[in-house]
Amino acid sequence: MPFARTVAVTLAGLALAGLAQAAQPQKGAKDEARAREVIRASFKEKGQAGLDRLEQDEVQAACSRAPAQGPLPDAAAKKLVAAQQATLVYPADGKLMGDWKKGEQIAQSGVGKQFSDDPAKPSGGNCYACHRLSKQEVSFGTLGPSLYQYGKVRGQGEAMQRYTYAKIFNPQAFTACSTMPRFGHHAILTEEQIRDLVALLLDPASPVNQ
Ligand code: HEC
C-alpha cells in the first residue's frame, strides 16, 4: 500500500511537472509584461532620460532572457554578433587614431545621458568605471579586463586600429551580450571621441602603454 501511494504521488508529481513546463513560456511572457509595467510606472520621464529607454532592441531582449535560460546557444550568439557587425560605421576619411590626451579625459569622464546632464554637451566614456587603463589612475572598476599596456602588447597596426575603433563603437559586434555600452551605435560618443580613445589605447606615448 505505501508503495502504491508513492507511485501515485510520483505520477501526480510528474503530471504537474509536465503541466508546469507546458505553461512556462506563457507564464514567462506574462511575468515579463508585468515587470515592464511596474518599471514603466516607477520611472518618470525627465529631460533627455525618456521612457523610450525601456524599449529593448533585438539584442537587448535576447540578452535579457539569456540569464534565465542559461548562456546563449552558440548559434544564437553567432547570429547576434553577425547582425551587430552589420551596424558598424567607420570614419569616412579612414582616420582611426586621434589625440590620446583628449582620449584620457573622455575615459575619465562619467558625464552624459542622465536627466541632469546638458544634452548639448559631449558625453564621457566612463571607461575607468570598468577598466584599468593607466598606471597613474588607481581608481578603476574591474567589470571589464585591464587595458593597461593594451597597445604595447597588441601593436598599433591598421587591423588593430580597426578592431579597437569597432569594439568601442559596438562591443556586441564581437562579443554577444557584452555588458560594455555600445558607444557609437547608441551615439553616446562621436566619431572624433572614439578616435581619441583609440589613440589612448594604441599610441605608444599614451599613459596606457607606459
Ligand atoms: C560597464 C562596463 C564597461 C564600460 C563602461 C566600458 N567597458 Fe570596455 N569592456 C567591458 C567588458 C565587460 C569587456 C569584456 C567583454 C567584451 O569584450 O565585450 C570590455 C572589453 C573592452 C575591450 C576589448 C578588450 C580586448 O582584449 O579585446 C576594449 C578595447 C574596451 N573594452 C574599451 C573600452 C573603452 C575605451 C571604454 C570607454 C569608452 C570602455 N571599454 C567602457 C566593460 C566595459
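Numbering of ligands and ligand atoms starts at 1, following listing order.
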Query raised in the report: Mind checking whether Phe169 and Met160 sit in one hydrophobic cluster, side chains of I, L, V, M, F, W, Y counted as touching below 4.5 Å?
Result: yes
Report summary line: So for Pro181 against ligand 1, with non-hydrogen atoms under 4.0 Å, the contacting part is side chain
Report task. Check each heavy atom of Thr175 against ligand 1 and say whether those closer than 4.0 Å belong to the side chain, the backbone, both or neither. Result -> side chain
Query raised in the report: Any nitrogen or oxygen of Thr164, main chain or side chain, under 3.5 Å from a nitrogen or oxygen of ligand 1?
Result: no
Query raised in the report: Is Thr179 close to ligand 1, meaning an N/O of one under 3.5 Å from an N/O of the other?
Result: no
Tell me: protein heavy atom nearest [atom], and distance?
atom                    : answer
atom 27 (O) of ligand 1 : Tyr163 OH, 2.5 Å
atom 38 (C) of ligand 1 : Cys127 SG, 2.6 Å
atom 2 (C) of ligand 1  : Cys130 SG, 1.9 Å
atom 29 (C) of ligand 1 : Tyr150 OH, 3.7 Å
atom 13 (C) of ligand 1 : Pro145 CD, 3.5 Å
atom 11 (C) of ligand 1 : Gly144 CA, 3.6 Å
atom 15 (C) of ligand 1 : Ser178 OG, 3.9 Å

Query raised in the report: Testing Val89, Val198, Leu201, Leu202 for side chain to side chain contact (heavy atoms under 4.5 Å, CB included) with Tyr165, which one passes?
Result: Val198
Which of the atoms in ligand 1, numbered in the order shown and given with their element, are less than 4.0 Å from a heavy-atom of [X]?
X      : answer
Leu197 : 38 (C)
Leu143 : 1 (C), 2 (C), 12 (C)
Asn126 : 5 (C)
Ile168 : 35 (C)

Tell me which one of [options] gets a heavy atom nearest to [atom].
atom                    : options                        : value
atom 32 (C) of ligand 1 : Asp196, Leu189, Val198, Leu147 : Leu147
atom 19 (C) of ligand 1 : Met160, His131, Gln108, Arg154 : His131
atom 22 (C) of ligand 1 : Gln193, Lys167, Gln172         : Lys167

Under a plain distance cut-off of 3.5 Å, with no hydrogens placed, do [Y] and [X] share a side-chain donor-acceptor pair?
X      : Y      : value
Lys167 : Thr175 : yes
Gln84  : Asn170 : yes
Glu137 : Tyr148 : no

Query - Minimum-distance pair of heavy atoms, taken over all atoms of Glu192 and Lys102 - result: OE2-NZ, 4.0 Å
Query raised in the report: Which atom pair, heavy atoms only, marks the closest approach of Leu200 to Glu104?
Result: CD1-OE1, 3.6 Å
Query raised in the report: Backbone or side chain, does Met180 get an N/O/S atom under 2.8 Å to atom 8 (Fe) of ligand 1?
Result: yes
NZ/NE/NH1/NH2 to OD/OE distance under 4.0 Å, [X] and [Y]:
X     : Y      : answer
Arg36 : Asp31  : no
Glu58 : Lys79  : no
Asp57 : Arg182 : yes

**Report entry** Sidechain-backbone polar pair: Gln172 side chain, Cys177 backbone, donor-acceptor under 3.5 Å
**Finding:** yes
Report task. Indicate yes or no for a side-chain donor-acceptor contact from Asp117 to the backbone of Gln114 under 3.5 Å, with no hydrogens or angles considered. Result -> yes
